[in-house]
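The figures here come from the full heavy-atom set of this structure, side chains too, leaving out hydrogens, waters and symmetry mates. What you see is a predicted model; the values in this text were computed from it and never measured. Convention: sequence-line order gives letters A, B, ...; per-chain numbering from 1.
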Amino acid sequence: MTVRRPYANGFALLIHSMPSPLFQPAQAFASRRNSVDLLKMFTETRNLNLGKAINAHLIRAFQLDLIQANYLINLYVKCGQLHLARRLFDIMPERNNVSGNALMAGYFQAGFPLEALGVFKSMDLSQLSGGPNEYMLTTLLASCAEVRALEEGRQCHDHALKSGLVSHSYVRNALLHMYSKCSGMEDALQVFRTIPGFDILALNSMLNGFLEHGQLNYAMEVVSGMVKEVARWDHISYVAVLGLCTDSKDLNLGRQIHSQILRRGVEFSVFAGSAIVDMYGKWGDVKSSRRAFDGLLNKNVVSWTAVMAICAQNGCFEEALKLFLEMQLVGFRPTEFTYAVALNACAGLSALKNGDALNAHAEKSGYKEHLTVGIALINMYSKSGSIDDAKRVFTSMPHHDIISWNSIITAYSHHGLANEALEAFHEMLKEEVPTYVTFVGVLSACAHLGLVDEGFYYLNHFMREVGIRPGVEHYTCMVAMLCRAGLLDEADGFMRYTCVDWDIVAWRTLLSACQVHRNYGLGQKVGEHVLKLDPDDGGTYILLSNMYAKANRWDGVVNIRKLMREKDIKKEPGVSWIQTAILKMVVCGCVDNHEKRKSEKLAPLPSYNLDASVLLRSGF
DNA sequence: TTAGGGTTAG
């Protein structure tokens, strides 16, 4: 027997050649119970050093038996020392369900579900008399759920049925959770039907499963059941229901849940708090979102990032950046998500310098390698006008996913580099499957190049071949494409005869083209239609007033102004544009000064709009 | 098992 001394750190540097039995009946400790009691105590108090000392002692005295080793594994796991737990596990000549599950649960809870499954696979099944027990089965199922291992999950289900372990409620819940993550909800529903009564854990799993699969109606049914039958929800229920209210835009239910949380005094978990902040923000109610955030007792980097994201998504870019600074002042370090949101805010402001600074900041903190950050950088540089930097970020990224490809394709297209966009698209096809967004970029590039035939080929053949149904964004690109090629009547016909739920953006595309191509007849017709569609859209008035100004139609300009007054949309930023339109006419000599003064009475011109030379310089 | 992010037409 070779025993090396001294044992480093008091821990066994074992001794693979040890003929064993390494595990001997206890003697040196007054009883094995003593050592077990000590190990339990040190586990509770997370006293790693004393645990190690006992470990060393037991080994020196050849007293370490299976049960003590299991307690030690548990102690190491609880102290976050997975490598020590693993080392001990690997040298144990005998193991059982408890040893396996202690290590597996350790890996799973530390976020390593694959390793947990690996431990199971490495175990000799003869050590597990009768296979995994209910504890190990639960850990196995949870790990399968995490890595979407449906086949292995089904094997666990078989075992649960054969062994009768399926009668344990936590095994059933774990099965339900596994199916809801890995397979369609039908399998989950079958398990759900075997669960008697109204189990909140099972209901949570069903709810989250339906939410994840986008089946909001079914999710709502589950919530109705919960409202009627379950008096006490847990935090997970609240978070899930808030998620449903966010997705389904159910303002009533969302507000009810929020006030219920406040009324019941349910302690605001940081999870539920962030979900509430997110919910109001996704409804577009930034004020309530901000108020909810300010009222949070528990904040963490996630809630800060959530409120920043809400600001940025609703156009409050400066606010988002202010929050980014504030968050760091109170001591939270940004994550890759936080950087992505902050970069997005810079993109919204075209704030190249701030974006550059954030780039350096992210690089220093080691977050630049993250896909999310790379994509946000591409977007920021592209929207700030620096396509070269966007390209540089893209080529220096360690990995590309479909979103990063979509980002660079869109960036090229926005910069009028349509050929580069199409090149990138074909390059992408070697690695990734295109998505809905990919074709928005591709078709917009075709529109820039006036490639009408190619555009229709992508729309009618390519997209269908890869199973993507074109949506209104794609069809709007087609309208823009026809318009760009000067085919306005064709664009008009395309819109009238294609069965698409056209939105204001699409109609405005055509209207704008009418203005550019001076097709005033069609423009007037389209304009009337667009005004009916949304009489409060300031942008339409801008386009129309510009068009009438170009057509020297003073009556048209005045009429637009009248309509704006009737609709009381003078607060729209477009108001100054009608004045600009009038001024343009004055500059061009279409309207004399008398008419101009008349117009000033109608709409007093702000001084910055009065300077005709500015307009002339701008190339009007 | 619960919260936040990055790509979308004019």
**Message:** Does dT7(B) have OP1 or OP2 under 4.0 Å away from a side-chain N or O of N344(A)?
**Reply:** yes
**Message:** Just to be sure I understand the rule, does A309(A) reach a base, reach only the sugar-phosphate, or reach nothing, if contact means heavy atoms closer than 4.0 Å?
**Reply:** sugar-phosphate
**Asked** Over how many whole Å does the gap from H258(A) atom NE2 to dA3(B) atom P extend?
**Response** 18 Å
**Prompt:** Looking for any heavy atom pair under 4.0 Å, which part of the strands does S180(A) touch: base, sugar-phosphate only, or nothing?
**Reply:** nothing
**Asked** Is any side-chain N or O of N379(A) closer than 4.0 Å to OP1 or OP2 of dT7(B)?
**Response** yes
**Fill in**
Looking only at dT8(B), dG6(B), dT2(B), the nucleotide nearest the A340(A) side chain is dG6(B)
**Request:** With heavy atoms under 4.0 Å as the rule, sort V341(A) into base, sugar-phosphate or nothing.
**Result:** sugar-phosphate
**Message:** I want to know whether F337(A) and H370(A) have ring centres closer than 6.0 Å.
**Reply:** no
**Message:** Does T476(A) reach a base, just sugar-phosphate, or nothing at all? Heavy atoms under 4.0 Å.
**Reply:** base
**Asked** With a non-hydrogen cut-off below 4.0 angstrom, is K282(A) in contact with a base, only sugar-phosphate, or nothing?
**Response** sugar-phosphate
**Fill in**
To the nearest angstrom, the NE2-P distance between H399(A) and dG6(B) comes to 21 Å
**Asked** From dG6(B), dT1(B), dA3(B), pick the nucleotide closest to the side chain of S205(A)?
**Response** dT1(B)
**Gap between atoms CG and P, on L211(A) and dT2(B) respectively (whole Å)** = 13 Å
**Asked** What does H414(A) touch in the nucleic acid at a heavy-atom separation under 4.0 angstrom: a base, only the sugar-phosphate, or nothing?
**Response** sugar-phosphate
**Request:** With heavy atoms under 4.0 Å as the rule, sort T410(A) into base, sugar-phosphate or nothing.
**Result:** sugar-phosphate
**For atom NE2 of H400(A) and atom P of dG6(B), their distance in whole Å** = 19 Å
**Request:** Could you tell me the separation between the OH atom of Y436(A) and the C1' atom of dT8(B), rounded to a whole number of Å?
**Result:** 8 Å
**Prompt:** Which nucleotide in the list dT8(B), dT2(B), dG6(B) gets nearest to the side chain of F271(A)?
**Reply:** dT2(B)
**Fill in**
Quick note, V472(A) side chain, CB onward, closest among dT8(B), dA9(B), dT2(B) is dA9(B)
**Request:** Over 60° means perpendicular and under 30° means parallel, so classify the ring planes of W502(A) and Y475(A), tilted if in between.
**Result:** perpendicular
**Request:** Provide, to the nearest angstrom, the distance between the CG atom belonging to L140(A) and the P atom belonging to dT1(B).
**Result:** 15 Å
**Request:** Enter the distance from D489(A):CG to N519(A):CG here, rounded to the nearest 0.5 Å.
**Result:** 6.0 Å
**Request:** Answer yes or no: does atom CG of D294(A) have more than 12 heavy-atom neighbours from other residues, nucleotides or ligands under 6.0 Å?
**Result:** yes
**Message:** Using ring centroids (six-membered ring only for Trp), state whether F425(A) and F439(A) fall under 6.0 Å.
**Reply:** yes
**Prompt:** From dT2(B), dG4(B), dG6(B), pick the nucleotide closest to the side chain of I375(A)?
**Reply:** dG6(B)
**Message:** What contact category does A480(A) fall into here, base, sugar-phosphate, or nothing, at under 4.0 angstrom with non-hydrogen atoms?
**Reply:** sugar-phosphate
**Asked** Do the side-chain N or O atoms of N208(A) get closer than 4.0 angstrom to the phosphate oxygens (OP1, OP2) of dT2(B)?
**Response** no
**Value in whole Å for how far the C1' atom of dT2(B) lies from OH of Y238(A)** = 14 Å
**Asked** Contact class for N300(A) vs. all strands (heavy atom < 4.0 Å): base, sugar-phosphate, or nothing?
**Response** base
**Prompt:** Touch check for L371(A), heavy atoms < 4.0 angstrom, all strands: base, sugar-phosphate only, or nothing?
**Reply:** base
**Item:** Closest to side chain of R508(A), choosing from dG10(B), dT8(B), dA9(B)
**Value:** dG10(B)
**Prompt:** Base, sugar-phosphate alone, or nothing: which one does I378(A) contact when heavy atoms must sit under 4.0 Å apart?
**Reply:** nothing
**Interatomic distance, E432(A) CD vs dT7(B) C1' [rounded to whole Å]** = 13 Å
**Prompt:** For F332(A), is the NZ or CZ atom of K299(A) found under 6.0 angstrom from the centre of its six-membered ring and inside 45 degrees of the ring axis?
**Reply:** no
**Message:** Checking contacts here: which listed nucleotide (dA3(B), dT1(B), dG4(B)) is nearest the side-chain heavy atoms of T305(A)?
**Reply:** dG4(B)
**Asked** Quick one: does M178(A)'s side chain get under 4.5 Å of C156(A)'s, heavy atoms only?
**Response** no
**Prompt:** Looking across every strand, which nucleic acid part, if any, lies under 4.0 Å from E212(A) by heavy atom: base, sugar-phosphate, or nothing?
**Reply:** nothing
**Request:** Please confirm whether any donor atom in the side chain of D401(A) sits under 3.5 Å from an acceptor in the base of dG6(B), or the reverse.
**Result:** yes
**Message:** Students often get this wrong, so: under 4.0 angstrom with heavy atoms, is T509(A) touching a base, only sugar-phosphate, or nothing?
**Reply:** sugar-phosphate
**Request:** Establish whether the base of dG6(B) is bridged to the side chain of S407(A) by a donor-acceptor pair shorter than 3.5 Å.
**Result:** no
